[in-house]
Protein chains: 2
Amino acid sequence: MKDSNLKKAGLKVTLPRLKILQILEDAKEHHLSAEDVYRVLANAGEDIGLATVYRVLTQFQEAGLVIRHNFEEEHAVFELDHGEHHDHLVCVKCGRVDEFTDNVIEKRLHEVGKETQFMITDHSLNIYGICGGCQK
Amino acid sequence: MKDSNLKKAGLKVTLPRLKILQILEDAKEHHLSAEDVYRVLANAGEDIGLATVYRVLTQFQEAGLVIRHNFEEEHAVFELDHGEHHDHLVCVKCGRVDEFTDNVIEKRLHEVGKETQFMITDHSLNIYGICGGCQK
DNA sequence: GTCCGTGCAAAGGATTTGCATAATC
DNA sequence: GATTATGCAAATCCTTTGCACGGAC
């Protein structure tokens, strides 16, 4: 259950937190902005403030439950952290975000870190372009 | 001269534009925020407003003279566009930004585009970590 | 009952915009 | 001289915070 995820993260189990976690899990489009989450809540008749959405998402991020991305947009987007790192394909037409991983690239990244004496903690790789659907 | 760069871009040659272009060219650290540019101008005794800095940088971006990046910071940074694409190594300690390119990665990116039927227009690859200097 | 979480409204930082003035061509 | 830029202040957008109330444990 979601309860345990929250408890494990040291967060009290509250309605807003459960709802928001649920929304992130159910989302077709895995990458949601705070606004998006707020809108879904509003449409579901939940009376949860935007400030709370931001607060909860930030807490989730600190707890490692979600990842926050700054794509080339004006606002941040959040996605559940399932553990495996992945990179992103962002469609500049429709805003759709797909995920991918590539072992060759991952390996080269480590090598680049070694060559440049850089202690890598993280990386973000985003490919921007036009997705199959939008090319028609 | 810088004049021609501006004219080529269809921009009138004005003092603020020249100064800002100059600052971007002279900068040790190639990646500057609007605030950084503004500070340099102020220190040089130039009386140029922050709004103008933003306006000029945005115009430069539209003209293809500079590239705007949104790293994991709260503000954008700008660098001169010298034509060759490169990726970034961002030190999370001191904020230093280095550049690199890797042909293996570039090649794989194209292949990922093909495999996913994605018409790639651009990409951004940022490695976050601790630079050699900060590891001591 | 204590403490943490929430809602609301106000604050905050980065960036943009409206308007009168000043500069370029 | 006409048009485009600039400076300033106000406006805007996304996000965070302060504070009093309500809910979790």
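A, B, ... follow the sequence lines: proteins, then strands. Residue 1 opens every chain.
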Checklist line | Residue closer to the 5' end of DNA chain C, Ala51(A) versus Ala51(B) (nearest nucleotide) | finding: Ala51(A)
Notebook entry, point to check: Which residue, Arg17(A) or Lys12(B), contacts DNA chain C at a nucleotide closer to its 5' end, judged by nearest heavy atom?
Noted result: Arg17(A)
Check: Side-chain donor-acceptor pair under 3.5 Å between Glu35(A) and His75(A), yes or no?
Finding: no
Quick one: label [X] by what it contacts on the DNA or RNA (base, sugar-phosphate, nothing), any heavy atom closer than 4.0 Å.
X	answer
Leu15(B)	nothing
Ser33(A)	nothing
Ala76(B)	sugar-phosphate

Note to self: Taking the side chain as everything from C-beta on, heavy atoms only, tell me whether Phe78(A) gets closer than 4.5 Å to His31(A).
What the structure shows: no
Check: Ring centroid separation for His88(A) and Phe71(A), is it under 6.0 angstrom?
Finding: yes
Using whole Å, what does the distance between atom [atom2] of nucleotide [N] and atom [atom1] of [X] come to?
X	N	atom1	atom2	result
Lys7(A)	dA24(D)	NZ	C1'	11 Å
Phe60(A)	dT15(D)	CZ	P	17 Å
Leu6(A)	dA24(D)	CG	P	13 Å
Leu41(B)	dT6(D)	CG	P	12 Å
Ile48(B)	dC8(D)	CD1	P	11 Å
Gln59(B)	dT4(D)	CD	P	13 Å
Ile20(B)	dA5(D)	CD1	P	13 Å
Glu74(B)	dT16(D)	CD	P	11 Å

Check: Between the two end axes of the helix from dG1(C)-dC25(D) to dC25(C)-dG1(D), each built from 5 base pairs, what angle do you get to the nearest 10°?
Finding: 30°
Checklist line | ILVMFWY cluster, Leu24(B) and Val77(B) together (side-chain gap under 4.5 Å) | finding: no
Check: Is it true that Glu111(B) and Arg108(B) have a side-chain N and a carboxylate O under 4.0 angstrom from each other?
Finding: yes
Please determine whether the number of non-hydrogen atoms from other residues, nucleotides or ligands lying under 6.0 Å from atom [atom1] of [X] exceeds 12.
X	atom1	value
Asn43(A)	CG	yes
Asp26(B)	CG	yes
Gln117(B)	CD	no
His86(A)	NE2	yes

Notebook entry, point to check: Taking only N and O in the side chain of Thr14(B), is any of them less than 4.0 Å away from OP1 or OP2 of dT6(D)?
Noted result: yes
Note to self: Taking only side-chain N and O atoms of Tyr54(A), does any of them lie within less than 4.0 angstrom of OP1 or OP2 on dT16(D)?
What the structure shows: no
Notebook entry, point to check: Can you check whether Lys12(B)'s main-chain N or O pairs, donor with acceptor, with Arg17(B)'s side chain at less than 3.5 Å?
Noted result: yes
Checklist line | Positional range of nucleotides in DNA chain C within the contact set of chain B, heavy-atom, under 4.0 Å | finding: dA14(C) to dC25(C)
